[in-house]
Amino acid sequence: MSDTTLASAAERRKLVRAGLGRRHLTERLFRGFGILAIVLALGFVGILFTDVLRKGIPAFMQSNVHLAVTYDPELLKIDPAPEQAAGQSDADFRAARLAWERKVAMLNWNNVIEAALRKAAPEGFEIDARQILTITETDARHRVRERFAADPSLLGQTIEIDLLASANTDNWVKGNIDRNLGDAQQQLSAPARALIDIFEENGTITQGFAWSLFTNVDSRSAPASAGLLGALMGTFWMMLIVIVLAVPLGVGSAIYLEEFAPKSRITDIIEVNINNLAAVPSIVFGLLGAAVFINWFRLPLSAPLAGGLVLTLMTLPTIIIATRAALKGVSPALRQAALGMGASKTQMVFHHVLPVTFPSILTATIIGVAQAMGETAPLLLIGMNAFVAAVPATPIDQATALPVQIFLWQGNENRNFFEPRTSAAIMVLLAFMITLNAIAIFLRSRLEKRA
Amino acid sequence: MDLLANKTKPPVTKPLNAPLDPLDMLEPNIRLTARDVTVHYGAKQALHGISIDIPDRAVTAFIGPSGCGKSTFLRCINRMNDTIEGAKVGGRIELDGQDIYAPDLDVVELRARVGMVFQKPNPFPKSIYDNVAYGPRIHGLARSKADLDEIVVSSLRKAGLFEEVKDRLNEPGTGLSGGQQQRLCIARAIAVGPEVILMDEPCSALDPIATAIIEELIDELRTNYTIVIVTHSMQQAARVSQKTAFFHLGNLIEQGDTEEIFTNPVNKQTQDYIMGRIG
Amino acid sequence: MNTFIVAGLLLVLLALAYQFGWSKSRALATTNGTRVHSRSQYHGALVALWTLVPAVLFLAIWAFFSPGVTHWYTVSQLPTEVLQGLDQIGLNQQLQRIRDLASGYGVTGDVQPFEQAAGENLARFQLLSFLIMIAAAAGLGVLGLWFAQRRINPRLRARNEVERAISWALIACSAVAIFTTLGIVASLVSEAFRFFTYINPLDFFFGTVWAPKFSSTGSGDAGQYGLLPLLTGTLMISAIAMLVAVPIGLMTAIYLNQYAHRSVRKVVKPIIEILAGIPTIVYGFFALVTVGPFLRDFGASIGLSISATSALTAGLVMGVMIIPFISSLSDDILNQVPTSLRDGAYGLGATQSETIRNVLLPAALPGIVGAFLLAVSRAIGETMIVVLAAGNAPILRGNPLEPVSTITVSIVNQLTGDTDFTGPQSLVAFALGLTLFIMTLCLNIVALYIVRRFREQYE
């Protein structure tokens, strides 16, 4: 037998050994790249979260101004509130009451607040009316007035009340503004800044949890009072619509395609279509919503109804694909057992196959809803970025959504105040999403254990 | 015959603490020695203290029912078990007196010396030429393109495949028939110039004709290589091997000359297996 | 209030019908002694379907038409001379007054005699029409019930009929996805077509200047709508994103799939997947307030002028967003490569990285290419990050350190808050959307096809 191997065993071994150093170096380098990639990826997660937390956490605390407000009849010249006389129609009484409330609103409540602020300030502190009023938020006069409108007997009395400090005051107290900047660059006048420092010392200005973040609606004129309530309700309505529509539609469609549809060209096309739909950019769904729901069906602009429908269509492919995968995973043995017992196909699917896939469908639904909850772009196109200062009572009222609120806040000019507040809103959004995902994971493990 | 001429004389293996095997005295030319080899997959023990000597230039067959540990032991010999997460190997295996599980031993170098052919033909998704050339390339065995060409051609020749594929060396290896793919894999293993070739049920995925061709090939290769073959076919073991070892439930039950084992097994279990009473 | 009455009525009908069908079929089974084809529940369900479907259909049609009819009736109650004296706003106020009178809430001010009369008539009309609606719905329901229960006999294949109804409902569900696609295509194409009646398609697709003019009157110069500045911005940002995401995502997948210990994988994989779940608006904000300023300062420190909002900022952050997408897809693909190939390379003495680079990756290449294409399509369609961090400067230029604009940004800019679609200013959003849709669709189809073929290859 002729041996054509060029190198002998020993020579070969020498050759192999000669290359080893270089090859192991390459190996270590490659491995190093892998670790570097993971460190980078994890680093991004870490940086993003610490950045949001670092910026957002302070915004959950807010400066309050604790004042003793006197409803001084000298300052407030107002008749007593009307009462409904016997025989007076509802409409007439409401008109009278509205007229009175209008009069109340016309009073100069700033005088009341100014008086209260001056009372809290040291004797003889020199500051003009405009400057001293910059310390409290501009909504303070509404708070004080609302108290009075609700209880007209307060006239002549003094009550203790916590008012929100203005955004600029909050910035000053928290040190979000460089204290060394000159007067020209400061939002607050020098006397106001000095008074705020005094207030902070004598306990008039305190820090408290920013409940207003959750109990107030958005506000432009009174930034410190801007809250998320309206956005949360808008998101709630949209998610309700998504769950009510997308789940039955998605699951039904998946059942049909996986279990009933004849394998034909048409089902093939539907399958390709759904896979593509899942990868269509979300903004295209926004265009669809603008053209079809808003322009064609004339659904109300900026309403959670249109937003919910758009998000439903967007979520649908996710749910269909996940449900189909779950149905595919059910063992043929179970199907055959059911059919063998004389169950019809429908009975097999609804009595046997569907219950087994329930955990997967539930998880897919929750993940789909979480995705929809964070979606912003399509909502911009159906007018949900309008400024809405009301809580939507129904899905056809004007509203905004949590991610859109984040978008609106990040664009606010008062950056020093709104950057933390936006981060806080992001924390709220992320908290929702993490909770949803945690629920999904928890339910899945629980249900799968039982099954 | 330069393989023989240049080979460093294998150091005479003094079995460590084990009693001398009768095989040793008949056959001084032992390449591989295993003593008390155990394998755990997680908490499960797959091999219980295997001790065996494998002679040079002969075919040693491992037989036994499926799940008996014969493949597991084979994979210990070139440390393929390293690639399985949770696998732990104990005991000692020596190649030419060198502990292959020694911490300073380079697995890459070991595998260059101990090649392997797998149960299912697994050509890389590359051309036939590149499949065979892959080993020499990574190990830097060829000094020039001409060298490489020669290694590829001679390897394909030795694997008995050259005539069938010489016109389509640049076509993908996955396009060949099952038997040809397996011979391609053998050629690929040979091209590195291993001293030992491990074959893990190389014919189980092949039809009888392809099997017969591979068996002839194994018989030819025997003259130049130490071959260890795992098979579940006793006929195959009887046809191609000179030594046979019978495994059962992770234990090495009996080993010896193939003829001896098949005609006159000592152990009751071996008898039962040979007679077809253990699946 | 009325809604509750109707819903209650429907529920009562439903329960009645089900009970009726159920008990009748029960009676059949017990008295007759013959074999009944379907079980009683199916008879009940079938009767309920027959009862409910006509009633609900009727109510839907009623709900669609009744506001119009009521409006028309109220208007008809107004004297002609009053009607002539009112503009649209005045008419609405007048109608509201009449409605308030009809509901008994009352109005402020003096009530005109004609208002009083109209209010009373309207109240009567509303009551009458409500009664008619209830009666008709209930009548239809009872009719359906009567028809359905008459059909009950032992041989009625009630189960088959119910199941057919279910399968039609399921088909209707599947149709939604189709109609969504059709809706997208139809709305994009028709509105884009309208846009092209204003602007020459050639000027759009090959124009190098993007300068739409906002004119409140809708007349005059509409401005220039050249796609190229937006397209280059989109592609530049996508390219930067892929440059970040591909190496990191792929190496992450490789390391986790091939090197990492199971326990490491179990912790790291979900953490990286968190990146995929973060809403894009969060990335946008992060890019705008953190990454952008950092890059600007970093650039300044090495003497490079980098804008805080630029293609680089948006691209980098978008790349981070895409990392988990690429890594999880690549991980799936690598899992599909048979272990026998890996063993083959190890058996020849290849090192782990040689095995990965020379055998695994080439084998997985088609699948990975598919994943990349999907990622590109995602980068092209991404909106919020670029809206916030790309700088919105639709100028044709090649410097990634300067602000750019993209297709998606321009869609948002052109359409936000404006939905009357009268001029090219807003219609262009649909032409842009169509371009985007076609680009991503092509990428998706090719990618999904490649991935599918790849899966079949190793199945």
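The chains referred to below are lettered A, B, ... by the order of the sequence lines, with proteins before strands, and numbering in each begins at 1.
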message: What part of Leu188(C) gets within 4.5 angstrom of chain A, counting heavy atoms only: side chain, backbone, both, or neither?
response: side chain

message: Strictly distance-based, threshold 3.5 Å: is any side-chain N or O of Glu27(A) a donor or acceptor partner for the main-chain N or O of Thr351(C)?
response: no

Taking every non-hydrogen atom, the tightest pair across Ala279(A) and Ser377(C): O-OG, 4.1 Å

- line: Ranked by heavy-atom pairs below 4.5 Å to chain C, first place among Ile320(A), Ile274(A), Ile270(A), Asn273(A) goes to Asn273(A)

message: Test side chain to side chain contact (heavy atoms under 4.5 Å, CB included) on Glu419(A) and Phe285(C); report intermediate values, then the result.
response: CA-CA 9 Å; Glu419(A) 231 178 74; Phe285(C) 181 71; 4.0 Å; yes

- prompt: Thr440(C), Thr180(C), Ile271(C): which one forms the most heavy-atom pairs within less than 4.5 Å of chain A?
  reply: Thr180(C)

field: Contact winner vs chain C - Ala261(A), Ala278(A), Ser344(A), heavy-atom pairs under 4.5 Å
entry: Ser344(A)

- prompt: Given that the side chain runs from C-beta out, which part of Ile171(C) has a heavy atom under 4.5 Å from chain A: side chain, backbone, both or neither?
  reply: both

Candidate pair Phe286(C) and Ile426(A), rule side chain to side chain contact (heavy atoms under 4.5 Å, CB included), full reasoning: CA-CA 10 Å; Phe286(C) 178 63; Ile426(A) 286 176; over 6 Å; no

task: Check whether any side-chain heavy atom of Leu287(A) sits under 4.5 Å from a side-chain heavy atom of Glu191(C), and report yes or no.
output: no

task: For residues Glu375(A) and Pro279(C), determine if any side-chain heavy atom of one lies less than 4.5 Å from a side-chain heavy atom of the other.
output: no

- request: Check whether any side-chain heavy atom of Glu354(C) lies under 4.5 Å from a side-chain heavy atom of Phe30(A), and answer yes or no.
  value: no

message: Quick check for you: to the nearest 0.5 Å, what is the distance between Thr290(C) atom OG1 and Asp51(A) atom CG?
response: 3.0 Å

task: Nearest 0.5 Å please: distance from the CG atom of Leu40(A) over to the OG1 atom of Thr252(C).
output: 8.0 Å

- prompt: Counting heavy-atom pairs under 4.5 Å to chain A, which of Cys173(C), Gly381(C), Ser187(C) comes out on top?
  reply: Cys173(C)

- prompt: Can you tell me if CZ on Arg378(C) sees more than 12 non-hydrogen neighbours from other groups inside 6.0 Å?
  reply: no

message: If I measure from the heavy atoms of chain C, does Lys345(A) come under 4.5 Å with its side chain, its backbone, both, or neither?
response: neither

Interface moiety of Pro248(A) toward chain C, non-hydrogen atoms closer than 4.5 Å: backbone

task: Against chain C, label Val292(A) side chain, backbone, both or neither, depending on which of its atoms sit under 4.5 Å from a heavy atom there.
output: side chain

field: Spatial distance of atom CG (Leu277(A)) from atom OG1 (Thr181(C)) [nearest 0.5 Å]
entry: 4.0 Å

field: Pick from Ala96(A), Gly374(A), Ala386(A) with the largest number of heavy-atom pairs that fall under 4.5 Å of chain C
entry: Gly374(A)

task: Select one option (side chain, backbone, both, neither) describing which atoms of Phe179(C) are under 4.5 Å from chain A's heavy atoms.
output: neither

Side chain / backbone / both / neither for Ile411(C) at chain A, heavy atoms under 4.5 Å: both

Heavy-atom pair with the smallest gap, counting every atom of Leu415(C) and Ala290(A): CD2-CB, 4.1 Å

Pick from Ile278(C), Ile380(C), Val387(C) with the largest number of heavy-atom pairs that fall under 4.5 Å of chain A: Ile278(C)

field: Top contributor to chain C interface from Leu29(A), Ile38(A), Val39(A) [non-hydrogen pairs under 4.5 Å]
entry: Ile38(A)

message: Is Arg31(A) in contact with chain C via its backbone, its side chain, both, or neither, using a 4.5 Å heavy-atom distance?
response: both

query: Please walk me through it: do Leu48(A) and Tyr283(C) pass side chain to side chain contact (heavy atoms under 4.5 Å, CB included)?
result: CA-CA 8 Å; Leu48(A) 203 146; Tyr283(C) 282 108; 3.7 Å; yes

- prompt: Where does Ala379(C) contact chain A at under 4.5 Å (heavy atoms): side chain, backbone, both or neither?
  reply: neither

query: Non-hydrogen atoms of chain C under 4.5 Å away: do they reach the side chain of Ile269(A), the backbone, both or neither?
result: neither

task: Could you tell me which portion of Leu250(C) (side chain, backbone, both or neither) has an atom closer than 4.5 angstrom to a non-hydrogen atom of chain A?
output: neither

- request: Would you mind telling me which of Asn276(A), Val45(A), Asp92(A), Leu257(A) has the largest number of heavy-atom pairs within less than 4.5 Å of chain C?
  value: Asn276(A)

message: So for Thr408(C), is it side chain, backbone, both, or neither that comes closer than 4.5 Å to the heavy atoms of chain A?
response: both

query: Under a 4.5 Å heavy-atom cut-off, does chain C meet the side chain of Ser423(A), its backbone, both or neither?
result: both

message: What verdict does the side chain to side chain contact (heavy atoms under 4.5 Å, CB included) test give for Ile35(A) and Tyr259(C), after you've listed the backbone C-alpha separation in whole Å, the side-chain angles of each residue and the deciding distance to 0.1 Å?
response: CA-CA 10 Å; Ile35(A) 292 172; Tyr259(C) 286 102; over 6 Å; no

statement: Closest non-hydrogen atoms of Ala41(A) and Leu275(C), given as atom of the first, atom of the second and distance, are O-CD1, 3.9 Å

message: Which atoms of Leu436(C) are under 4.5 Å from chain A, going by heavy atoms: the side chain, the backbone, both sets, or neither?
response: side chain

message: Quick check on Ile323(C) against chain A: is it the side chain, the backbone, both or neither that has a heavy atom closer than 4.5 Å?
response: side chain

query: What part of Leu36(A) gets closer than 4.5 Å to chain C, counting heavy atoms only: side chain, backbone, both or neither?
result: neither

query: What part of Ile178(C) lies closer than 4.5 angstrom to a heavy atom of chain A: side chain, backbone, both or neither?
result: both

statement: Bottom line for Ala370(A): the part with an atom under 4.5 Å from chain C's heavy atoms is neither

- prompt: Heavy-atom distance under 4.5 Å to chain C: side chain of Gln347(A), backbone, both or neither?
  reply: both

- request: Would you mind telling me which of Phe407(A), Phe33(A), Phe350(A) has the largest number of heavy-atom pairs within less than 4.5 Å of chain C?
  value: Phe407(A)

query: Which distance, rounded to the nearest 0.5 Å, do you find between the CD1 of Ile283(A) and the CD of Glu382(C)?
result: 9.0 Å

- prompt: In Å, rounded to the nearest 0.5 Å, how long is the span from CD of Glu273(C) to CG of Asn437(A)?
  reply: 10.5 Å

- request: Might you confirm whether atom CZ of Arg94(A) has over 12 heavy atoms from other residues, nucleotides or ligands at distances under 6.0 Å?
  value: no

- prompt: What part of Leu430(A) lies closer than 4.5 angstrom to a heavy atom of chain C: side chain, backbone, both or neither?
  reply: side chain

task: Write down the atom of Gly433(C), the atom of Val284(A), and the distance for their closest heavy-atom approach.
output: O-CG2, 4.4 Å

query: What part of Ile445(C) is in contact with chain A, defined as an atom under 4.5 angstrom from a non-hydrogen atom: side chain, backbone, both or neither?
result: both

field: Where Val280(A) and Asn444(C) come nearest, the two heavy atoms and their spacing
entry: N-ND2, 4.3 Å

- prompt: OG/Ser426(C) to CG/Leu381(A) distance, rounded to the nearest 0.5 angstrom?
  reply: 11.5 Å

message: Does any backbone or side-chain atom of Leu434(C) lie under 4.5 Å from a heavy atom of chain A? Answer side chain, backbone, both or neither.
response: neither

task: Pick whichever of Thr383(C), Ile281(C), Thr280(C) has the most heavy-atom pairs under 4.5 Å with chain A.
output: Ile281(C)

message: Would you say CZ of Phe193(C) has more than 12 non-hydrogen atoms from neighbouring residues, nucleotides or ligands within 6.0 angstrom?
response: no

